[in-house]
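Below, each value reflects all heavy atoms present in this structure, side chains not excepted, and no hydrogens, waters or symmetry copies. Computed from a predicted structure; not experimentally measured.
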Number of protein chains: 2
Amino acid sequence: MARPTMEDVAARAGVSRALVSLVMRGSPKVSDQRRAAVLKAAEELGYSPHAMARSLASRTSHVLGVMVSDLHNAFFAEVVDGLDAVAAEHGFELILNTGGRSPARERRALRSLLSFRPAGLALLSPVVPTADIGRAAEQTPVVLVARSSRLATVDTVNDDGERGIALAVDHLVSLGHRRIAHLDGGAGSQAAPRRRGYLAAMASHGLTPRVVASEYTDAGGARAVRGLSGDLPTAIVSCNDFNAVGAISALEEAGFRVPRDVSVVGYDNTSLAALRHVSLTTVDQPRNELGRLAATALLQRVRGDRVEPVRHLLHPSLVVRSTTAPPVRPA
Amino acid sequence: MARPTMEDVAARAGVSRALVSLVMRGSPKVSDQRRAAVLKAAEELGYSPHAMARSLASRTSHVLGVMVSDLHNAFFAEVVDGLDAVAAEHGFELILNTGGRSPARERRALRSLLSFRPAGLALLSPVVPTADIGRAAEQTPVVLVARSSRLATVDTVNDDGERGIALAVDHLVSLGHRRIAHLDGGAGSQAAPRRRGYLAAMASHGLTPRVVASEYTDAGGARAVRGLSGDLPTAIVSCNDFNAVGAISALEEAGFRVPRDVSVVGYDNTSLAALRHVSLTTVDQPRNELGRLAATALLQRVRGDRVEPVRHLLHPSLVVRSTTAPPVRPA
DNA sequence: CTCTATTGTTGGAGCGCTCTAAGGCTGTAG
DNA sequence: CTACAGCCTTAGAGCGCTCCAACAATAGAG
């Protein structure tokens, strides 16, 4: 497994190591004849450049560090997918870590990523204190995804949860609903903006808000609905798709039909929502786009195209399916 | 952003660079006094070792390359999660790529990963020709996940799809079913062993098999069920969970109840299946474990603990939920 | 035919680290 | 007081590459 080096290729092609280096980097200042000879020798030896040695010598990196709080979550997987797409387009590689939503483990993961001197660092919904993020940002460009920050040195990419929920509320109002409840995501990430968006949207329509404590799971959604007993709204805006599906099943168990008796809107547009069996009206969060923008932000910094921090707030969109309809009960 | 080097730390601590190196590597042959001095200097300078320089100098790598055919798929995300867990335990980092299920892109991704001279390479359900895999295996240990291979130089980790489907069939037979159909995954990965498992299990019970062409999507499952019209089996074993959910919704649309009229079993135990709203009986594939075993296989090779190839065939298990019940119609 | 460009090529220093072999120091035995 | 183990410590070569300055070779200008 002792792989050939540039020296070997140079010897075989009868040129200097520096010339091989030029060829490998696609320099134009090499005669066609030599280039062909070098390429041939490289091919024969099965040579390919050593990325780490290259990075060390050139003092540049073609690696982006990515810390995912939790890959188990399909949301992040799709963000990473977007990151990878843009990175690959520009010849960058991803080096990936998870923090398991524990500050201590995240701090370790961060240190490890930084030890590779990445060109940039993307942190997906990190839970470490801002101070740690600021420290990392002193070493390399940092972009935060699904976590906002006021740090002047980092870029952020988030979806506009307030606006997303507003879309849901507006949709329900336009259908004729007035008693619209929100199943809240509690301390979950992005639950706060969604709650704010709900309250603001209700206020803008002159309606009385009703926030019901819940969480980001289907069991949570079901529980919240059961707690509603006796005083059912005509529509529910859930904090996410899982919660919405839980709410729907609890409603059906209680003998109500969705959307005839109660309309339900989710959030995230997970693959779950698209299933014909579920067919959930929901708010689409452009996950892949989140990743693409994050990678783009890093690459801009790497190339020095931009110094000022950028704050992307992506516009979510409403996907209307079969769980929403005009109310039949008196509003 | 010019970060301190070992030289800087050495100067500050008043020792040689080599001594700093020893301290950083946790060598025992350093006096406590010097060690403390070095650590203090490093701390003050905010020094942390340069992983790539270290790797180059020591001719060892603490990086595992991972090529995912498609991160979009939650299955792979969980496998990566398992890989990461084991890698992190052993101080290894993951460098990640996707191949987008295109041989050309996968080949490029492979080359790129190899240019980092990783300690090992995990390929998740790759579609490149075996020859390319063999070539990669000449450079570094390779483990294949969710793809089998006869290559004597690579390890493989798969779930035992034949056995998994057999579990499903056995379960249905024990409930009293005799007319059990299989919705086939076509050319999808792992569809073949599942089909084989179905045929073998039916034969072992002396039952007549019925394979219905379908695919790994909910629309596919629905379509297949509609094609069954008039001659409904009492139970269906789907090629995966999505397919099963599609089948269920088509059954319900046609006025049948699950599991009263027809029992349905899925495969994969995705988060979808666990939803109370779906509550699908399914075969659990230990995805995280798949990743953990893959990482472990690579690390064994790296350490030289093992030379012989290993073929892991993980035992799936049946998760019984609410979509299976004894048949009420005549068998 | 000499002088300056221009183009192509090369040696060598150095990126930040590891590792070997050799050297300095201390303490104890002879 | 010398010798010889340890035990720490260090100089220096080198990992595979990039990049700069210098240089050969050819070409065009005077």
For this session: Identify which nucleotide among C/dC17, C/dT10, C/dT9 has an atom closest to any side-chain atom of B/A57, counting heavy atoms from C-beta outward.
Result: C/dC17
Just how far, in rounded Å, is [atom2] of [N] from [atom1] of [X]?
X     : N      : atom1 : atom2 : result
B/R54 : C/dC19 : CZ    : C1'   : 13 Å
A/E7  : C/dG12 : CD    : P     : 12 Å
A/Q33 : C/dT7  : CD    : P     : 18 Å
A/M6  : C/dG11 : CE    : C1'   : 15 Å
B/L56 : C/dG14 : CG    : P     : 17 Å
B/M24 : C/dT18 : CE    : C1'   : 14 Å

For this session: Side-chain contact test, heavy atoms from C-beta onward, threshold under 4.5 Å: evaluate it for A/L123 versus A/I133 and give yes or no.
Result: yes
Exercise. Below 4.5 Å, heavy atoms only, C-beta onward: do B/V80 and A/L96 meet side chain to side chain?
Worked result: yes
Exercise. With sugar-phosphate meaning primed atoms plus P, OP1 and OP2, does B/R34 contact a base, only sugar-phosphate, or nothing at under 4.0 Å between heavy atoms?
Worked result: sugar-phosphate
Problem set entry | Charged N-O contact under 4.0 Å between B/R111 and B/E106 | no
Exercise. If you measure from the Lys or Arg side-chain nitrogens to the Asp or Glu carboxylate oxygens, is any gap between A/D155 and A/R301 under 4.0 Å?
Worked result: yes
Exercise. On DNA chain D, nearest-nucleotide positions of A/M52 versus B/L22: which is more 5'?
Worked result: B/L22
Problem set entry | B/R25 side chain near C/dC19 phosphate (N/O to OP1/OP2, under 4.0 Å) | yes
For this session: Return no unless some side-chain N or O of A/S31 is found under 4.0 Å from OP1 or OP2 of C/dT9.
Result: yes
Exercise. Given that A/R17 and A/R117 both sit by DNA chain C, which one's nearest nucleotide is further toward the 5' end?
Worked result: A/R17
Problem set entry | Residue mapping more 5' on DNA chain C - nearest nucleotide basis, A/S58 or A/A18 | A/A18
Seminar exercise, completed: When every non-hydrogen atom of B/L19 is compared with those of B/R34, the smallest separation belongs to CD1-CB, 3.8 Å
For this session: Would you name the heavy atoms of A/S55 and A/T60 that are closest together and state the gap between them?
Result: OG-O, 2.8 Å
For this session: Apply side-chain contact (heavy atoms from CB on, under 4.5 Å) to the pair A/H312 and A/L290, showing each step before the final yes or no.
Result: CA-CA 9 Å; A/H312 285 295; A/L290 244 33; over 6 Å; no
Exercise. Does anyone know the first and last nucleotide of DNA chain D in reach of chain B, 5' to 3', at under 4.0 angstrom to a heavy atom?
Worked result: D/dC8 to D/dG16
